[in-house]
Amino acid sequence: MRRLIGDTPGSPHDPGSPEWLAQAYAYPGEGAWLRANMVASLDGAARLDGLSEGLSGEADKRIFGVLRALCDVVLVGAETVRAEGYRPARVRADFAARRAAAGQLPAPVIAVVSRSLELDLSAPLFTEPLVPTVVVTTVDAPAAKLARVAAAADVITAGTGSVDLPRAVAALTERGWRRQLTEGGPRLLGQLAADGLLDELCLSVAPLVTGGDSPRIVNAPRIPDVRAMRLVSLIEEKGFLFTRYLRPTDPDRSPSETAFT
């Protein structure tokens with residue numbers, strides 16, 4: 001069963017279609033907007049057997065694809081790139097006209113956050129991207145490693161000692177990539193949340209209880225200023241819950257909300 005929670009039987013809504021999802025998850029009309037897309041088990045695990053893939057399902061992958069198709073840039077941590085075997089974003093034929101009309105590149109840019117620059121530059125992410133992969137690192141990154149990375153990817157430097165995420169996100173925005181998506185992992189998401197950069201959280205809840213020592217989706221020390229978020233949509237399919245939360249903000253900048261009946 002697929003349904004919009006709170007919707008009435010026979011409603012014209014079809015939360016499973018790419019067209020409906022594209023409207024439901026549309027970015028605001030102007031200004032930078034950073035959303036996160038994460039999956040977790042019922043007991044809060046962000047991974048199963050070391051990977052988020054084990055928590056995913058058909059509907060989760062469908063939403064994952066639509067969120068990528070809507071964004072300009074995907075911000076992801078190097079640890080997640082290594083663990084999940086990240087590849088370049090692909091062109092979605094059903095979104096090609098929409099992206100062209102919005103002035104977007106044919107596929108989103110993948111921007112990898114890495115302080116150590118321990119990256120496999122022979123991987124398809126760096127050798128086969130439709131649009132150049134970006135690496136975000138520190139100003140004082142090791143010179144030899146930085147030179148090798150710069151030969152395989154575009155480089156953004158922000159911060160000394162550790163990546164300054166506010167400056168990094170601003171640099172992405174300056175390149176015209178205002179529709180921003182992060183897929184974590186948990187450590188990067190924790191840093192983004194602590195820095196007050198997260199506008200929206202799209203959290204898929206898998207109907208699984210896993211136990212174990214997997215991190216939560218936000219793996220960081222307690223955030224001193226606890227973030228209040230507001231639920232704006234909830235979709236259910238085959239036991240999976242697909243939630244969408246926004247932080248309190250100027251309603252004129254918020255994406256359209258899915259109304260509850």
Side-chain angles (χ1 to χ4, degrees), residues 15-16 18 20-28 32-42 44-48 51-81 83-90 92 95 99 104 107-113 125 165 169 172 177-193 197-206 208 214-220 227 229-237 240-247 254-258:
W20 188 93
L21 290 170
Q23 292 181 6
Y25 289 94
Y27 280 85
W33 187 270
L34 177 62
R35 70 166 38 126
N37 183 32
M38 301 290 284
V39 62
S41 67
L42 289 173
R47 299 171 185 151
L48 182 61
L51 300 173
S52 62
E53 170 70 20
L55 300 172
S56 187
E58 179 184 349
D60 180 54
K61 291 175 181 177
R62 187 184 315 124
I63 291 177
F64 174 93
V66 169
L67 295 186
R68 277 203 169 189
L70 293 175
C71 75
D72 298 319
V73 60
V74 178
L75 189 64
V76 62
E79 182 179 351
T80 297
V81 166
E84 305 276 355
Y86 260 58
R87 299 182 64 86
R90 63 184 180 88
R92 288 278 302 265
F95 280 83
R99 291 185 67 87
Q104 294 176 285
V109 174
I110 305 295
V112 183
V113 178
L125 182 60
L165 288 174
V169 168
L172 296 175
W177 302 331
R178 66 171 189 82
R179 305 171 189 88
Q180 298 164 357
L181 172 68
T182 182
E183 296 166 355
R187 205 177 322 180
L188 176 61
L189 183 56
Q191 293 169 349
L192 291 167
L197 298 170
L198 191 64
D199 296 300
E200 178 178 347
L201 173 61
C202 300
L203 175 62
S204 302
V205 182
L208 302 171
S214 171
R216 295 156 55 182
I217 64 165
V218 173
N219 186 14
R227 307 289 185 238
M229 305 289 281
R230 58 192 178 94
L231 179 67
V232 294
S233 70
L234 179 60
I235 302 169
E236 183 272 338
E237 182 172 342
F240 280 81
L241 296 177
F242 302 98
T243 70
R244 183 163 163 261
Y245 289 87
L246 308 183
R247 67 176 179 179
S254 298
S256 59
E257 299 183 9
T258 300

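In this structure the side chain of Arg68 reaches within 4.5 angstrom of the side chain of Ile110, judged on heavy atoms.
If you take CZ on Phe64 and CD on Glu183, they are separated by 4.0 Å, rounding to the nearest 0.5 Å. Here Ser204 contributes atom OG and Met38 contributes atom CE; the two are 10.5 Å apart, rounded to the nearest 0.5 Å. Atom CG of Leu203 is separated from atom CZ of Arg244 by 13.5 Å, given to the nearest 0.5 angstrom. Rounding to the nearest 0.5 Å places CD of Glu53 at 9.0 Å from CG of Asp60. Expressed to the nearest 0.5 Å, how far CG of Leu165 lies from CG of Leu172 amounts to 10.0 Å. The line from CH2 of Trp33 to CG of Leu198 is 9.5 Å long, rounded to the nearest 0.5 Å.
Asp199 contributes no side-chain N or O that, together with a main-chain N or O of Arg35, makes up a donor-acceptor pair within less than 3.5 Å. Checking side-chain atoms of Gln104 against main-chain N and O of Leu70 turns up a donor-acceptor pair under 3.5 Å. Formation of a donor-acceptor pair under 3.5 Å by the Ser214 side chain with backbone atoms of Arg47 is found in this model. Judged by distance alone, the side chain of Ser41 and the main-chain N or O of Ala45 form a donor-acceptor pair under 3.5 Å.
Residue Gly185 comes nearest to Thr80 through the heavy atom pair N-OG1, 2.9 Å, listed as atom of the first residue, atom of the second, then distance. Heavy atoms only, all atoms of each residue included: Pro215 and Pro186 are closest at CG-CG, 4.1 Å. For the pair Leu188 and Val76, the tightest heavy-atom approach, listed with the atom from each and the gap, is CD2-C, 3.6 Å. Closest non-hydrogen pair, Phe95 versus Ala69, comes out as CG-CB, 3.6 Å. Closest of all the heavy-atom pairs between Arg99 and Asp72 is NH2-CA, 4.5 Å. Contact detail for Tyr86 and Leu125: the closest heavy-atom pair is O-CB, 3.7 Å.
Partners of Arg178 by salt bridge (charged side-chain N to carboxylate O under 4.0 Å, His left out), not counting sequence neighbours: none found. Legend: residues meeting salt bridge (charged side-chain N to carboxylate O under 4.0 Å, His left out) with Glu84, ordered by chain and number and at least two apart, are absent. Listed by chain and number, the residues in a salt bridge (charged side-chain N to carboxylate O under 4.0 Å, His left out) with Arg216 amount to none (sequence neighbours excluded).
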(message) side chain to side chain contact (heavy atoms under 4.5 Å, CB included), that's the test. Do Thr182 and Leu197 meet it? Break it down for me.
(response) CA-CA 11 Å; Thr182 182; Leu197 298 170; over 6 Å; no
(request) Given side chain to side chain contact (heavy atoms under 4.5 Å, CB included), test Tyr27 with Leu181 step by step and report yes or no. (result) CA-CA 10 Å; Tyr27 280 85; Leu181 172 68; 3.9 Å; yes
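By the neighbour-count criterion of 12 heavy atoms within 6.0 Å, atom CZ of Arg92 is densely surrounded, having more than that number from other residues, nucleotides or ligands.
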